[in-house]
Visitor: 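Take this structure first; my questions come after.
Note that ligands are numbered from 1 as they come in the structure, with each ligand's atoms numbered from 1 the same way. For the numbers below, each heavy atom of this structure counts, side chains included, while hydrogens, waters and symmetry mates do not.
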Amino acid sequence: MENLTILGTGPAGLTAAIYSGRANLNPLCIEGDQPGGQLTITSDVENYPGFANPVMGPELMDAFRKQAERFGTRFETGRVVEVDLKQGPYTLKFADGRSVKTRALIIATGASAKWIGIPNEKRLMGKGVSACATCDGFFFKNADLVVVGGGDTAMEEATYLTRFAKTVTVVHRRDKLRASKIMQEKAFKNPKIRFVWDSEVADIIGEKEVKAAQIRNLKTGQVSELSVQGVFVAIGHEPNTHLFRDVLKCDSTGYLVVEPGSTRTNKPGVFAAGDVADHVYRQAVTAAGTGCMAAIDAERYLESGE
Ligand code: NAP
């Protein structure tokens with residue numbers, strides 16, 4: 001029987017591990033498909049406090065992990081496919097049949113990139129379609145690319161891709177960006193980036209690899225074809241809560257709901273930290289902050305013997 005199990009190893013999960021490890025709770029941390037979370041597919045992190053110079057996302061997460069290990073966190077790798085949260089102690093079941101029983105649980109499963117949902121998007125994934133410029137940008141030297149979206153992620157991806165690409169065309173469904181002013185300005189100033197407004201990517205053309213993007217103007221209905229070698233989708237994220245939607249309170253978009261000013265979910269001893277419960281801030285530092293809160297909330301819960 002575990003005292004405390006932490007599901008997820010992004011900034012939220014690992015900060016919860018550091019704090020609960022230092023509080024002698026001997027936490028078990030479960031690593032899923034993307035150890036280290038979203039920061040592992042980011043390049044320079046410039047806004048994490050404490051770093052005067054940019055730090056690479058994977059490097060930062062490696063440091064988080066080592067710090068958690070130093071205070072006795074144990075790590076187990078596997079995909080949790082079922083949770084029984086009817087009453088404590090709670091049970092987590094892995095795909096390979098293993099299971100873990102735990103008195104307290106911190107859910108820090110984060111969020112994942114959203115996809116447009118057009119048929120050829122999936123088929124051409126890894127063959128020119130991507131949701132991670134940092135992971136795949138390198139493969140597109142001198143290429144013409146499309147980035148879909150108008151938020152900070154889209155601007156960040158487009159700007160990053162100009163390191164490699166010849167041109168980057170941002171296709172946005174409205175005539176105004178959602179991105180912050182500073183990121184917009186950076187993108188507008190970049191001579192390699194151009195914008196196609198009020199438009200969507202209606203289809204992606206190519207047999208074995210991306211050859212072109214079909215772009216539909218949403219105002220006129222006119223469809224045109226743009227010859228490109230890559231399509232980067234940057235339209236936001238979805239919380240990784242599918243395991244919990246029937247048992248824990250979620251909002252209309254699937255984010256876990258916690259009591260204001262705490263990380264408590266509607267089940268005693270079950271806490272949520274990071275992007276899985278935050279559709280507003282979604283920053284590494286806020287995820288780490290709520291990870292710390294969750295560890296303290298879990299410690300108090302275990303101490304109270306509820
Ligand atoms: P976001 O702010 O939700 O923006 C998503 C963008 O994609 C919007 O422009 C949206 O269009 C568009 N979109 C959504 N669904 C679409 C669809 N099905 N087809 C076409 N377009 C679609 O998401 P985000 O850019 O990932 O940013 C999320 C949060 O992380 C934000 O708070 C952001 O500030 C933060 N962030 C910060 C940084 C940084 O500071 N370095 C970097 C990345 C992200 P509409 O505008 O029309 O809704």
Visitor: What are the atom names and distances for all N or O pairs under 3.5 Å between ligand 1 and the protein?
Guide:
from     : atom 1 : to     : atom 2 : distance (Å)
ligand 1 : 9 (O)  : Gly150 : N      : 3.0
ligand 1 : 9 (O)  : Gly151 : N      : 3.3
ligand 1 : 11 (O) : Arg173 : NE     : 3.1
ligand 1 : 11 (O) : Arg173 : NH2    : 3.4
ligand 1 : 25 (O) : Asp152 : N      : 3.2
ligand 1 : 25 (O) : Thr153 : N      : 3.0
ligand 1 : 25 (O) : Thr153 : OG1    : 3.2
ligand 1 : 26 (O) : Thr153 : OG1    : 2.5
ligand 1 : 34 (O) : Asp152 : OD2    : 2.5
ligand 1 : 41 (N) : Glu156 : OE2    : 3.1
ligand 1 : 46 (O) : Arg174 : NE     : 3.3
ligand 1 : 46 (O) : Arg174 : NH2    : 2.8
ligand 1 : 46 (O) : Arg178 : NE     : 3.0
ligand 1 : 46 (O) : Arg178 : NH2    : 3.4
ligand 1 : 47 (O) : Arg173 : NE     : 2.9
ligand 1 : 47 (O) : Arg174 : NE     : 2.8
ligand 1 : 48 (O) : Arg173 : NH2    : 3.0
ligand 1 : 48 (O) : Arg178 : NE     : 3.3
ligand 1 : 48 (O) : Arg178 : NH2    : 2.7

Visitor: What is the minimum heavy-atom distance between Ala133 and Phe232, and which atoms define it?
Guide: CA-CE2, 3.5 Å
Visitor: Could you go through residues 118-132 and list every donor-acceptor pair under 3.5 Å that involves a side-chain atom there, pairing it with any protein atom two or more places apart or in another chain?
Guide:
from   : atom 1 : to     : atom 2 : distance (Å)
Asn120 : OD1    : Arg123 : NE     : 3.1
Asn120 : OD1    : Arg123 : NH2    : 3.3
Asn120 : ND2    : Asp203 : OD1    : 3.0
Asn120 : ND2    : Ile204 : O      : 3.1
Glu121 : OE1    : Ile116 : N      : 3.2
Glu121 : OE1    : Gly117 : N      : 2.6
Glu121 : OE2    : Ile116 : N      : 2.7
Arg123 : NH1    : Gly206 : O      : 3.4
Arg123 : NH1    : Glu207 : O      : 2.9
Arg123 : NH2    : Gly206 : O      : 2.7
Ser130 : OG     : Cys132 : N      : 2.9
Ser130 : OG     : Cys132 : O      : 3.3
Ser130 : OG     : Asp136 : OD2    : 2.6

Visitor: Could you tell me if the ring centre of Phe71 sits under 6.0 Å from that of Tyr19?
Guide: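 Ring centroids of Phe71 and Tyr19 are no less than 6.0 Å from each other.
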Visitor: Apply the hydrophobic cluster definition, ILVMFWY joined by side-chain contacts under 4.5 Å directly or through others, and give me every member besides Leu4.
Guide: Ile6, Leu25, Ile106, Phe271, Tyr301, Leu302
Visitor: Please work out whether the ring planes of Tyr255 and His279 are parallel, tilted or perpendicular, with thresholds of 30° and 60°.
Guide: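 The arrangement is tilted - the two ring planes meet at 30° to 60°.
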Visitor: Considering residues at least two apart in sequence or located in another chain, which fulfil the ring pair (Phe, Tyr, Trp, His ring centres under 6.0 Å) criterion with Phe244?
Guide: none
